[in-house]
Protein chains: 4
Amino acid sequence: MFNFYNQFAIDMTRRTKRALKENDILDAAERIFASQGYSNAKMENIGKEAGVSKATVYFYFESKENLYMAIAFRAMTMLNNMMYDAVHESKSKSGLDSVLQLMETYFEFGSKYPLYTEAMLDYMTWIRSTSSGTDEAKLTEALKDSLYFKKAQDIHNIPVSLVVQEIKRGLRDQSIKNNNSPEMLYLTAWGSVLGYLKLVNLAGKKQSLHKIPTGDLKNYIVKVLHHGLTTVI
Amino acid sequence: MFNFYNQFAIDMTRRTKRALKENDILDAAERIFASQGYSNAKMENIGKEAGVSKATVYFYFESKENLYMAIAFRAMTMLNNMMYDAVHESKSKSGLDSVLQLMETYFEFGSKYPLYTEAMLDYMTWIRSTSSGTDEAKLTEALKDSLYFKKAQDIHNIPVSLVVQEIKRGLRDQSIKNNNSPEMLYLTAWGSVLGYLKLVNLAGKKQSLHKIPTGDLKNYIVKVLHHGLTTVI
Amino acid sequence: MFNFYNQFAIDMTRRTKRALKENDILDAAERIFASQGYSNAKMENIGKEAGVSKATVYFYFESKENLYMAIAFRAMTMLNNMMYDAVHESKSKSGLDSVLQLMETYFEFGSKYPLYTEAMLDYMTWIRSTSSGTDEAKLTEALKDSLYFKKAQDIHNIPVSLVVQEIKRGLRDQSIKNNNSPEMLYLTAWGSVLGYLKLVNLAGKKQSLHKIPTGDLKNYIVKVLHHGLTTVI
Amino acid sequence: MFNFYNQFAIDMTRRTKRALKENDILDAAERIFASQGYSNAKMENIGKEAGVSKATVYFYFESKENLYMAIAFRAMTMLNNMMYDAVHESKSKSGLDSVLQLMETYFEFGSKYPLYTEAMLDYMTWIRSTSSGTDEAKLTEALKDSLYFKKAQDIHNIPVSLVVQEIKRGLRDQSIKNNNSPEMLYLTAWGSVLGYLKLVNLAGKKQSLHKIPTGDLKNYIVKVLHHGLTTVI
DNA sequence: CATGAATGAGGCTTCATTCAT
DNA sequence: GATGAATGAAGCCTCATTCAT
């Protein structure tokens with residue numbers, strides 16, 4: 001018979017099932033986007049990779065752009081969580097330690113999920129057309145309708161806020177000594193990550209560039225950034 | 001009537017004419033690629049921008065990929081010249097000053113010609129598929145036949161060599177104090193430039209990010225790199 | 001427990017329920033078809049408009065074509081009823097008056113239910129492929145199976161019959177003076193309605209064409225038709 | 001050698017060739033649209049019918065909508081020419097005769113080129129969205145860019161003007177006696193044509209409806225209209 | 001040399017219809 | 001009965017590339 005609880009259970013199952021399949025498709029999409037880039041990726045192949053038809057991909061995500069934005073949203077959620085965790089774990093440590101931890105987190109995120117970084121950057125490029133009338137590129141209808149594009153807008157500022165907040169804490173507890181604005185330090189750090197990722201991408205599977213292992217490179221960069229935070233320059 | 005010199009003159013004219021038109025098309029292509037990216041750029045529009053037909057573009061450059069590689073080649077030539085000049089001008093200065101000058105050159109190059117930087121990076125990504133069997137992406141037939149792709153391979157290592165050479169000079173004259181390998185320092189610097197450019201790209205016409213003008217950001221990054229070269233960390 | 005009457009009652013309920021839901025869906029379908037046309041209408045939207053799922057629409061009507069034919073059938077039923085009523089009310093009047101009343105009825109039907117008129121016309125176009133081997137367009141499988149398509153065939157000639165019958169009565173009672181065949185007069189009248197509806201459609205919400213209100217136009221057309229019936233031309 | 005005249009000749013040839021092919025494609029498109037309707041017609045098939053590829057159709061006409069508007073434009077040009085001719089030929093006759101001739105022209109046009117009539121009507125429906133903000137349907141980008149859609153706007157009022165002008169002439173020379181506005185008479189006539197065409201369409205290849213040959217029907221309608229023009233009702 | 005013309009090979013998206021639960 | 005999910009079969013349009021003149 002019908003009863004509330006049963007109905008509820010069915011609903012949960014359905015939602016769960018849907019979420020699971022959405023996840024499967026998203027996973028497949030990530031693989032395809034990662035290996036071929038956004039432009040070269042084909043919806044057909046994403047479907048195949050997920051073991052469903054192209055139309056099913058459209059059933060779950062309404063457009064290629066929305067699908068990509070779903071990945072960008074995943075990326076942001078992931079990054080935010082990693083950063084919240086980092087801040088939480090560094091609660092009892094100095095502001096400097098926390099910021100360094102956040103940097104490590106950034107590198108880890110970027111290295112582990114290069115596609116996520118790219119998707120986030122693309123998201124930011126795309127949103128530029130929204131926020132300012134100065135840029136000529138027009139948003140497509142599909143992007144305007146994209147649910148995930150909208151969802152992303154609610155959370156895309158969390159990383160800056162966190163880093164800036166921890167830098168301020170470091171300045172207060174004097175573990176950080178730097179007369180530049182927290183935002184400047186944030187951008188420097190983030191720029192370092194982005195540059196590093198480009199190089200890692202160039203290194204490819206070889207994992208080294210001009211005989212330098214990318215891991216060593218990262219460590220050196222972090223060291224330089226650390227230095228930058230603790231020195232008045 | 002016919003004589004050798006005359007023929008030669010005609011040839012020169014022909015060559016010159018051809019070179020001039022090639023240049024016009026390349027200029028047009030740069031504008032289109034810069035404003036729309038490689039994938040979104042259309043051969044038709046490049047032709048229009050150059051005031052010639054699409055077919056003419058194909059007459060001078062055999063494929064879209066080759067055209068793009070011609071730009072990458074231009075980019076490398078330009079960068080190499082700028083770096084040769086920088087080194088030449090710093091001949092009488094210390095190694096450190098020379099390296100700093102090279103960094104400034106890099107930033108200048110990247111800021112002035114963002115497309116060139118991108119084209120060079122794409123070149124490097126594309127060449128990876130050539131040099132190593134480990135990467136799955138296959139080079140297209142067009143790229144394999146690309147004259148400019150081949151020409152680029154002869155000169156693409158000059159920047160590293162120059163920077164490394166000047167770093168070594170700086171170590172010798174003790175203006176640079178750093179126990180890391182010159183290649184590591186090179187990569188750090190280059191990575192910084194690449195990251196900076198991404199941020200500049202994100203900033204768009206606004207020219208600032210989180211209220212920080214991109215110019216200030218660049219200055220700060222150079223300062224940090226300078227510090228990194230003169231400190232044992 | 002089980003008994004015939006009870007079972008009958010349950011059956012009635014079931015039938016009633018089914019009929020009610022069918023009606024809801026049909027109503028929704030009318031709204032969608034009316035505002036977007038047959039080709040642009042989507043089964044999904046019809047379902048949404050009716051508050052049910054697309055699959056439910058298919059449960060009650062087996063295909064888009066059958067659904068549309070159900071509307072055509074509704075249209076014919078409606079028109080027939082309106083015409084029966086008109087004839088009934090004009091029973092004591094002259095044949096001319098009855099025919100004029102029927103014309104008014106036609107205009108009223110067409111103006112109030114433009115979709116019905118269109119659906120009837122489409123039905124007639126579609127049926128042509130059935131009745132004659134001379135037309136190349138083939139009926140789809142769905143149309144061949146359409147229950148409503150078949151039902152419509154039983155009643156689609158009623159309007160002509162009624163009008164012709166009343167015209168004959170008018171000729172007999174000499175209120176109509178016209179040496180042309182009743183069918184000719186019928187077609188003229190019907191053609192006038194169809195043309196008028198096209199114009200009304202073109203007028204759109206403006207309700208006027210070249211400054212002429214569509215209402216005035218209708219009145220004039222009726223006047224001309226009236227004249228045509230009472231004059232030997 | 002190059003010379004102006006030669007170049008001119010070449011240009012003429014090119015233009016002629018292009019015009020010829022455009023015509024071929026347009027002819028093919030007419031056949032397809034006529035037999036299947038706008039929605040059911042496929043660009044692929046239009047290409048096949050014209051003996052070219054789908055892409056070639058797009059080379060000459062930029063979109064399906066523009067292609068259809070090209071036909072609407074052809075239709076208007078044709079109708080306008082026919083009407084100009086009719087007016088010209090009736091110059092020495094009475095206004096009434098001229099108007100009757102114009103009506104005959106309308107019927108001839110509609111009967112000979114039913115697709116043209118339909119295309120013109122569709123054009124008028126589409127343009128409604130342009131001219132008034134009251135209609136909700138939005139014009140597609142393709143329609144907005146349609147060259148032929150724009151061209152049509154320059155000439156779509158010619159028929160009304162001509163008919164109205166000749167009716168006025170008829171009123172002046174007293175061959176027409178009717179107290180209604182010329183626009184009303186125009187609409188009545190045009191509506192009659194549209195209605196007649198619907199019926200002809202229903203008749204199909206059979207060319208008769210309820211045993212009435214469509215030709216007879218047309219004659220009767222013209223007679224009624226004639227009567228309407230010369231009688232005060 | 002230059003170009004108008006032509007096209008093959010897709011790519012994104014839509015939708016009527018079916019099916020498992 | 002009802003529906004969420006799934007899909008095959010198109011359809012419109014694009015574009016790098018080729019070729020005849």
Side-chain angles (χ1 to χ4, degrees), chain A residues 10-11 13-15 17-18 21-22 39-47 51-65 67 140-142, chain B residues 14 17-18 21 39-47 51-67 140-142, chain C residues 14 17-18 21 39-47 51-67 140-142, chain D residues 10-11 13-15 17-18 21-22 39-47 51-65 67 140-142:
Chain A
I10 286 172
D11 262 32
T13 306
R14 235 180 228 156
R15 267 185 221 174
K17 264 191 177 171
R18 172 159 188 127
K21 182 135 275 184
E22 262 184 34
S39 284
N40 293 318
K42 290 148 212 167
M43 295 299 269
E44 173 92 46
N45 290 340
I46 290 173
V52 298
S53 80
K54 198 194 334 187
T56 300
V57 178
Y58 275 92
F59 180 76
Y60 283 92
F61 302 89
E62 289 80 43
S63 69
K64 194 183 181 184
E65 269 160 315
L67 177 58
T140 66
E141 220 51 43
Chain B
R14 252 188 212 148
K17 263 190 177 171
R18 171 162 186 127
K21 184 149 264 181
S39 283
N40 292 319
K42 286 147 214 165
M43 294 299 267
E44 173 89 46
N45 290 341
I46 290 172
V52 298
S53 81
K54 204 200 316 194
T56 302
V57 178
Y58 273 91
F59 180 77
Y60 285 94
F61 302 88
E62 288 81 42
S63 69
K64 193 183 180 186
E65 269 161 316
N66 186 45
L67 177 60
T140 67
E141 221 48 47
Chain C
R14 253 189 211 146
K17 262 190 180 173
R18 169 158 189 132
K21 185 149 265 183
S39 284
N40 293 319
K42 286 147 215 166
M43 295 299 267
E44 173 89 47
N45 290 341
I46 291 172
V52 298
S53 81
K54 203 197 323 191
T56 302
V57 178
Y58 273 91
F59 180 77
Y60 285 94
F61 302 88
E62 289 81 43
S63 69
K64 194 183 180 184
E65 269 160 318
N66 186 45
L67 177 59
T140 66
E141 220 50 45
Chain D
I10 286 173
D11 261 33
T13 307
R14 231 177 232 157
R15 267 185 222 173
K17 264 190 177 171
R18 172 158 189 128
K21 182 135 275 181
E22 261 185 35
S39 284
N40 293 319
K42 290 147 212 167
M43 294 300 268
E44 174 92 46
N45 291 341
I46 290 173
V52 298
S53 80
K54 195 196 335 188
T56 300
V57 179
Y58 276 93
F59 181 76
Y60 284 91
F61 303 88
E62 288 79 42
S63 69
K64 193 184 181 184
E65 269 161 314
L67 177 59
T140 66
E141 219 51 44

Original post:
What's the OH-P distance between B:Y58 and E:dG4, to the nearest Å?
Top reply: 16 Å
Subject >> Nearest-nucleotide 5' precedence on DNA chain E, B:V52 against D:K21 >> reply: B:V52
Original post:
Does F:dA9 have a Watson-Crick or wobble mate here (both distances under 3.5 Å), and if so which one?
Top reply: E:dT14
Original post:
Given atom CD1 of D:I46 and atom P of F:dC13, what is their separation to the nearest angstrom?
Top reply: 11 Å
**OP:** Answer whether the closest heavy-atom distance between the side chains of B:L67 and B:M43 falls below 4.5 Å.
**Re:** yes
Original post:
Any side-chain heavy atom of D:Y58 sitting closer than 4.5 Å to one from D:K54?
Top reply: yes
Original post:
Going by heavy atoms in the side chains, are D:I46 and D:K64 under 4.5 Å from each other?
Top reply: no
**OP:** Return yes if the base of F:dT17 and the side-chain atoms of B:K64 contain a donor-acceptor N/O pair under 3.5 Å, otherwise no.
**Re:** no
Original post:
More 5' along DNA chain F: B:A55 or D:N45, using each one's nearest nucleotide?
Top reply: D:N45
Original post:
Should F:dC19 form a Watson-Crick or G-U wobble pair with both distances under 3.5 Å, which nucleotide is its partner?
Top reply: E:dG4
Subject >> Phosphate contact (E:dA5 OP1 or OP2) by D:R18 side-chain N/O below 4.0 Å >> reply: yes
**OP:** Take atom CG of A:N40 and atom P of E:dC12, then tell me their distance rounded to the nearest Å.
**Re:** 10 Å
**OP:** May I have the distance from C:K54 (atom NZ) to F:dT3 (atom C1'), rounded to whole angstrom?
**Re:** 11 Å
Subject >> Interatomic distance where CZ belongs to C:F61 and P belongs to E:dT17 [whole Å] >> reply: 14 Å
**OP:** Please report, rounded to the nearest Å, how far the P atom of F:dC19 is from the NZ atom of D:K17.
**Re:** 18 Å
Original post:
From D:K17 NZ over to D:E22 CD, what is the distance, rounded to the nearest 0.5 angstrom?
Top reply: 15.0 Å
Original post:
If you check the D:S63 side chain, which of F:dT17, F:dC13, E:dT3 turns out closest?
Top reply: F:dC13
Original post:
Would you call B:V52 and B:K21 a side-chain contact if the rule is heavy atoms closer than 4.5 Å?
Top reply: yes
Original post:
Over how many whole Å does the gap from A:M43 atom CE to E:dG10 atom C1' extend?
Top reply: 15 Å
**OP:** Using a cut-off of strictly less than 4.0 Å, decide whether C:T56 has a side-chain nitrogen or oxygen near OP1 or OP2 of F:dA2.
**Re:** no
**OP:** Could you state the atom-to-atom distance from NZ of A:K42 to P of E:dT13 in whole Å?
**Re:** 15 Å
Subject >> First encountered from the 5' end of DNA chain E, between A:E44 and C:A41 >> reply: A:E44
**OP:** Look at the side-chain N and O atoms of C:Y60 and state whether any lies under 4.0 Å from the OP1 or OP2 oxygen of F:dA2.
**Re:** yes
